[in-house]
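Heads up: the structure comes next, in structure tokens.
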Amino acid sequence: LVRALFVHEPTIAGTAVTDPESQAILKRERAGLAPVREAVKHGNAAEATRLFADWTNDQPGGFDALPPETRAMHLDNAHTVALHFERPAPPKVTCSDLGQLKMPLGITTGELTRPFFKILAETAHRCVPGSRLIVIPGARHAATAQNPAAFNEALLSFLSSH
């Protein structure tokens, strides 16, 4: 059903990380989400959204620097941030599970992305034979907005070759 797959910093690879050093980094990185969890716990969706955006892009104050229409879009969807913390845990996916993907796989990651997302992208790439890891220059997790030209070029190039 799927001829090719193109993903950006896939969080599904989190449970496939087996390297102790990388696991320790992921644990430290996740600890940075404590203020987001606290805002969710107190029902402050707007604050949780702001903090989550700042954490995701590893840019304190980054949410406030976004264009007003982008901030408004995030705030219109603020209720969804809680789903990252209140939902059942996703299934544990191993490197072997990921290796079962047989279709062409393109994985992007931002050049400046925080270690959390970089580890996940590199893990998925390592686990899926023949996958292609594409680094988006000058971008973080929000690469589609931070360097849309490079992201779109990577996407269109991948799609045209598959």
Side-chain angles (χ1 to χ4, degrees), residues 5-95 97-98 101 105-128 133-152 154-155:
L5 186 60
F6 188 87
V7 297
H8 182 67
E9 298 178 350
T11 57
I12 195 168
T15 56
V17 176
T18 56
D19 172 64
E21 184 177 329
S22 293
Q23 287 176 331
I25 292 169
L26 291 180
K27 184 176 180 179
R28 279 194 307 273
E29 289 274 294
R30 285 186 185 107
L33 289 167
V36 181
R37 282 189 178 84
E38 203 55 31
V40 165
K41 182 174 142 187
H42 288 93
N44 191 339
E47 179 68 2
T49 299
R50 184 182 68 72
L51 292 168
F52 192 60
D54 288 358
W55 179 87
T56 300
N57 281 294
D58 201 14
Q59 290 181 299
F63 179 81
D64 295 329
L66 292 171
E69 60 276 2
T70 304
R71 286 194 313 270
M73 177 190 65
H74 282 286
L75 292 171
D76 285 346
N77 292 285
H79 65 281
T80 65
V81 172
L83 299 175
H84 289 277
F85 307 102
E86 296 176 352
R87 61 190 164 99
K92 293 193 185 281
V93 175
T94 66
C95 194
D97 294 332
L98 291 173
L101 294 173
L105 174 63
I107 303 165
T108 56
T109 187
E111 172 189 25
L112 306 173
T113 202
R114 68 178 312 128
F116 181 85
F117 294 114
K118 187 168 290 299
I119 288 169
L120 300 180
E122 291 171 349
T123 297
H125 173 58
R126 189 177 60 259
C127 292
V128 181
L133 183 63
I134 306 158
V135 177
I136 306 299
R140 298 174 187 274
H141 186 63
T144 57
Q146 294 163 338
N147 192 344
F151 185 87
N152 291 340
L155 173 61

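- Scanning all heavy atoms of the two residues, the minimum distance from Ala78 to Ala46 falls at CB-N, 4.3 Å.
- In this structure, CH2 in Trp55 is found 8.0 Å from CZ in Arg30, a value given to the nearest 0.5 Å.
- Atom OG1 in Thr49 sits 9.5 Å away from atom NE2 in His79 (nearest 0.5 Å).
- The number of heavy-atom neighbours closer than 6.0 Å to CD of Glu21, taken from other residues, nucleotides and ligands shown, is 12 or below.
- In the model, Asp97 has a side-chain atom that pairs as donor or acceptor with a side-chain atom of Thr94 under 3.5 Å.
- Residues Leu98 and Cys127 share a closest heavy-atom pair of CB-CB, 3.9 Å.
- A donor-acceptor contact under 3.5 angstrom links the side chains of His8 and Thr108, judged on distance only.
- The backbone N or O of Glu38 lies less than 3.5 Å from a partner atom in the side chain of His42, making a donor-acceptor pair.
- The main-chain N or O of Leu66 is never found under 3.5 Å from a side-chain atom of Thr70 such that the two would form a donor-acceptor pair.
- Closest non-hydrogen pair, Ile25 versus Pro115, comes out as CG2-CB, 3.8 Å.
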Practice item. Assess whether side chain to side chain contact (heavy atoms under 4.5 Å, CB included) is satisfied between Phe6 and Ile107, documenting all intermediate values. Key: CA-CA 6 Å; Phe6 188 87; Ile107 303 165; over 6 Å; no

Practice item. Assess whether side chain to side chain contact (heavy atoms under 4.5 Å, CB included) is satisfied between Glu29 and Arg114, documenting all intermediate values. Key: CA-CA 9 Å; Glu29 289 274 294; Arg114 68 178 312 128; 2.5 Å; yes

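- Between Pro137 and Ala150, the shortest heavy-atom distance links the atoms CD-CB, 3.9 Å.
- Annotation: Leu5, atom CG; neighbour count of heavy atoms from other residues, nucleotides and ligands within 6.0 Å is above 12.
- Here the OG1-CZ distance, from Thr11 to Phe116, works out to 7.0 Å after rounding to the nearest 0.5 Å.
- Considering every non-hydrogen atom in both Gly110 and Lys118, the closest pair reads O-NZ, 3.4 Å.
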Exercise for review: Take Gln146 and Glu111 through the test side chain to side chain contact (heavy atoms under 4.5 Å, CB included) and record every step on the way to the result.
Suggested key: CA-CA 11 Å; Gln146 294 163 338; Glu111 172 189 25; over 6 Å; no

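- Exactly one of Ile136, Leu120, Thr113 qualifies for a side chain to side chain contact (heavy atoms under 4.5 Å, CB included) with Glu9. That residue is Thr113.
- Not a single donor-acceptor pair under 3.5 Å links the side chain of Asn57 to the backbone N or O of Arg140.
- At distances below 3.5 Å, not a single donor-acceptor pair connects side-chain atoms of Arg37 with backbone N or O atoms of Phe85.
- Considering all non-hydrogen atoms of both residues, Asp54 and Gly61 come closest at OD2-N, 3.1 Å.
- Between the side chain of Asn147 and the main chain of Ala139, no donor-acceptor pair closer than 3.5 Å is present.
- You'll find the side chain of Glu122 reaches within 4.5 Å of the side chain of Leu133, heavy atoms only.
- In this structure a side-chain-to-backbone donor-acceptor pair under 3.5 Å is missing from Arg50 to Phe63.
- A donor-acceptor contact shorter than 3.5 Å links the side chain of Asn77 to the backbone of Met73.
- Between Phe117 and His141, the ring planes are parallel. Angles under 30° get that label, and only those over 60° would be called perpendicular.
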